[in-house]
Amino acid sequence: MPFYYILNLFLYFPEDKREYIPAAITCTIFLIAAILTMRLIIKVSKYQEEKAKQLEERLKRENMIHSEK
């Protein structure tokens, strides 16, 4: 029984369902922002990976030149 009382303190289900509209809009905005942020992180990560590969190749070429002398 105390568990039910504690849940009643935190759970609120309004009778007027129009009160869900601001929450749905906010949730949608944050969901879209999270998706865009994740796509940006992936794009930057791929860019950094390509730059790291180019740097690695350049360092390998320079090392081969130095080792031949």
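The two residues K17 and P14 come nearest to each other via the heavy atoms NZ-O, 3.2 Å.
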Using the side chain to side chain contact (heavy atoms under 4.5 Å, CB included) rule, take N63 and L59 through it: C-alpha gap first, then chi angles, then the decisive distance, then the call. CA-CA 6 Å; N63 191 13; L59 290 175; over 6 Å; no
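Under the 3.5 Å distance criterion, the side-chain polar atoms of S45 are left unmatched by any main-chain donor or acceptor of I41.
Side-chain contact between Q54 and K51: present, with at least one pair of heavy atoms (C-beta onward) separated by less than 4.5 Å. At a threshold of 4.5 Å between non-hydrogen side-chain atoms, the residues I32 and T28 count as touching.
To the nearest 0.5 Å, atom CD1 of residue I21 and atom CG of residue D16 are 8.5 Å apart.
F30 and M38 fall into different hydrophobic clusters, defined by Ile, Leu, Val, Met, Phe, Trp and Tyr side-chain heavy atoms under 4.5 Å apart, directly or through other members.
Evaluated for a salt bridge (charged side-chain N to carboxylate O under 4.0 Å, His left out) with K53, the options E56, E50, E57, E49 yield exactly one hit, E49.
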